[in-house]
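Okay, so here's the structure we're looking at.
The sequence lines fix the lettering, A, B, ..., with proteins before strands; numbering per chain opens at 1. What you see is a predicted model, and the numbers here were worked out from it, not measured in a lab.
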Amino acid sequence: MRIELENVRHVYAPGTPFEVEALRGVSLAIEPEEVLGIVGGTGSGKSTLVQHLNLLLVPTSGRVLVDGADVRTIRGRELRGRVGLVFQFPEAALFAPTVEEDVAFAPRRLGLSEGEVHRRVGETLGLLGASHLAGRSPFALSGGEKRRVAIAGVLAMAPEVLVLDEPTAGLDPATREDLLGVVRALREEGTSVVMVSHDLDEVAEVADRVCVLENGEVRAVGAPEEVFYAHPTTAPSTVRVVRPLRGPHPEVGRPVRFEETLAALKGLLEGRV
Amino acid sequence: MTAGRTLGQFYPVASLLHGLDPRAKILGTAALAVGLFLVDSAAGFLLISAVVVLLVAASRIPPGTFVGFLRPVAFIVALTALFQVFFSREGELLLEWGFVQVHEGGLVRGLFLASRILLLVSTAALLTATTAPVALADGIEDLLSPLKKARFPAHELAMMITIALRFIPTLHEEAQKITRAQAARGADFSEGGPIRRARALLPVLVPLTIGAFRRADELAEAMESRGYRGDEGRTRYRELRFRTRDALVLCAAALVVFAGILL
Ligand SMILES: Nc1ncnc2c1ncn2[C@@H]1O[C@H](COP(=O)(O)OP(=O)(O)OP(=O)(O)O)[C@@H](O)[C@H]1O
Ligand SMILES: [Mg+2]
């Protein structure tokens with residue numbers, strides 16, 4: 001599934017003193033089977049942007065196309081099963097008495113059989129490393145456990161595109177690493193993932209493409225090495241280390257991920273010794 | 001922020017009314033409200049309506065927005081007015097259609113009643129739209145403070161009002177967030193009969209309630225850790241100041257009410 005935004009503008013509370021133009025003409029595509037990282041400062045419009053991907057928000061002007069068709073011709077309910085959106089702090093929406101029932105909510109709403117719902121709940125909880133929590137109350141879990149369960153609650157719909165709005169905010173390093181593993185695993189299975197994040201290092205680790213939002217506009221979009229090496233102010237620590245070395249040592253290349261960077265730096269050191 | 005369009009919301013612009021002392025506005029609104037119950041003539045209603053229209057103009061709130069404030073009560077006003085028109089059998093018979101009869105007295109009463117409610121709601125909306133919630137609560141506390149001698153908890157009441165008002169937008173925003181999160185999981189709040197729709201609200205109400213309790217706890221802790229111990233020895237950051245123009249406005253309100261009653 002390919003989602004394309006065409007010159008999307010979004011104005012909150014138009015015609016009142018609270019009017020905010022959150023998106024000012026954004027054009028961007030989410031390609032099938034890619035991990036797209038969206039970065040940008042607070043208030044740059046990231047959350048507003050991702051809510052357009054499953055019709056929770058409708059553009060004030062401009063269009064959103066799904067596989068070439070205008071989303072206005074698609075029913076919101078149907079689209080929401082295909083584009084799974086996990087909000088910022090999704091644990092605020094946990095409500096059922098047990099984890100199992102909470103995760104079953106979304107697939108049940110898709111009208112699947114009880115057997116299939118059960119299978120999906122087991123599978124997603126397993127993927128997120130939360131199988132052992134199935135019978136517990138979601139309100140008695142730790143922050144990281146709640147986050148895993150809340151993400152499972154969306155992933156259980158088996159969406160073609162998974163959108164994560166700051167999924168790792170406030171998590172411990174181990175849970176964070178696990179979640180990045182889930183993102184990689186989903187991509188291997190052919191699910192596209194859109195990941196909004198303030199943590200450039202983690203975006204660098206998983207993204208196939210990066211989009212930088214600034215003030216409701218796309219400032220840059222493209223392959224991580226292109227974007228990060230061209231915009232040092234929004235670059236992960238790996239790029240900030242390597243970039244100054246590129247002057248005297250252009251052969252170090254443009255590594256972005258940690259492993260690549262380590263290999264490049266090792267190569268550089270060994271070449272000189 | 002959609003809450004900006006509902007009854008009882010502060011509309012932050014700079015105007016003469018916004019700048020008045022909240023106590024003057026509360027008393028003025030109360031005077032107009034009392035007046036509206038006593039006024040009994042078309043001339044009196046016209047006078048008060050004219051004053052309300054002038055006040056809305058002075059408040060710099062766009063007329064369309066202000067009419068929007070009244071929308072929530074439109075249905076009740078229409079219903080009560082129609083009730084009067086159709087069920088009152090006073091005065092000359094104006095219209096007869098089957099068992100439906102419209103009498104002159106009923107028509108007049110319906111009109112008066114509708115104007116009375118609309119004007120009442122308008123003055124209340126003007127008060128809340130031109131006065132920041134915190135200022136409103138400060139005003140209420142100050143006006144009720146003589147009752148403190150009789151152990152009336154004026155400060156506690158005002159604090160409760162302030163907190164409640166302060167958290168309406170927060171809870172509203174929270175409710176919207178949760179609603180959207182559940183919609184993303186396929187929840188549908190518009191389908192089925194009333195029971196199904198009420199059930200569909202459960203995934204929103206449960207987390208909202210839990211969140212509200214958590215917030216209350218956090219607020220209580222934050223207040224205590226900053227040394228809040230109730231009314232005694234508490235000073236104010238915003239001092240209320242009753243100026244000449246506040247007194248003038250209050251006198252003018254009283255005059256209008258007297259004139260309206262006498263007319
Ligand atoms: N429901 C709303 N009503 C009015 N304005 C809003 C609303 N939601 C967001 N905004 C405004 O729109 C702009 C973009 O907000 P958005 O939440 O999309 O930013 P963000 O990039 O996700 O920020 P963050 O990194 O803090 O999550 C901000 O100026 C914000 O104040
Ligand atoms: Mg956001």
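Of the two parts of A:Arg109, only the side chain, counted from C-beta on, holds a non-hydrogen atom closer than 4.5 Å to a non-hydrogen atom of chain B. With a 4.5 Å cut-off on non-hydrogen atoms, A:Leu85 touches chain B through its backbone and its side chain both. Using a 4.5 Å cut-off between heavy atoms, A:Glu78 does not touch chain B at all. Of the two parts of B:Ile210, only the side chain, counted from C-beta on, holds a non-hydrogen atom closer than 4.5 Å to a non-hydrogen atom of chain A.
The CZ atom of A:Arg80 lies 8.5 Å from the CG atom of B:Asp188; values are rounded to the nearest 0.5 Å. For the atom pair A:Phe105 CZ and B:Leu202 CG, the distance stands at 9.5 Å (nearest 0.5 Å).
A donor-acceptor pair under 3.5 Å is absent between the side-chain atoms of B:Arg185 and the main chain of A:Gly81, judged by distance alone.
By number of non-hydrogen pairs under 4.5 angstrom with chain B, the leading residue of A:Phe89, A:Tyr12, A:Phe139 is A:Phe139. Top candidate by heavy-atom pairs under 4.5 Å with chain A, chosen from B:Val204, B:Leu208, B:Val206, is B:Val206. For the set A:Asp102, A:Leu79, A:Val20, the entry with the most heavy-atom pairs within less than 4.5 Å of chain B is A:Asp102.
Within a 6.0 Å radius of CE in B:Met223, other residues, nucleotides and ligands contribute more than 12 heavy atoms. In this structure, B:Arg245 places its CZ atom where more than 12 heavy-atom neighbours from other residues, nucleotides or ligands lie under 6.0 Å away.
Side-chain contact check for B:Arg180 versus A:Phe87: some heavy-atom pair is nearer than 4.5 Å.
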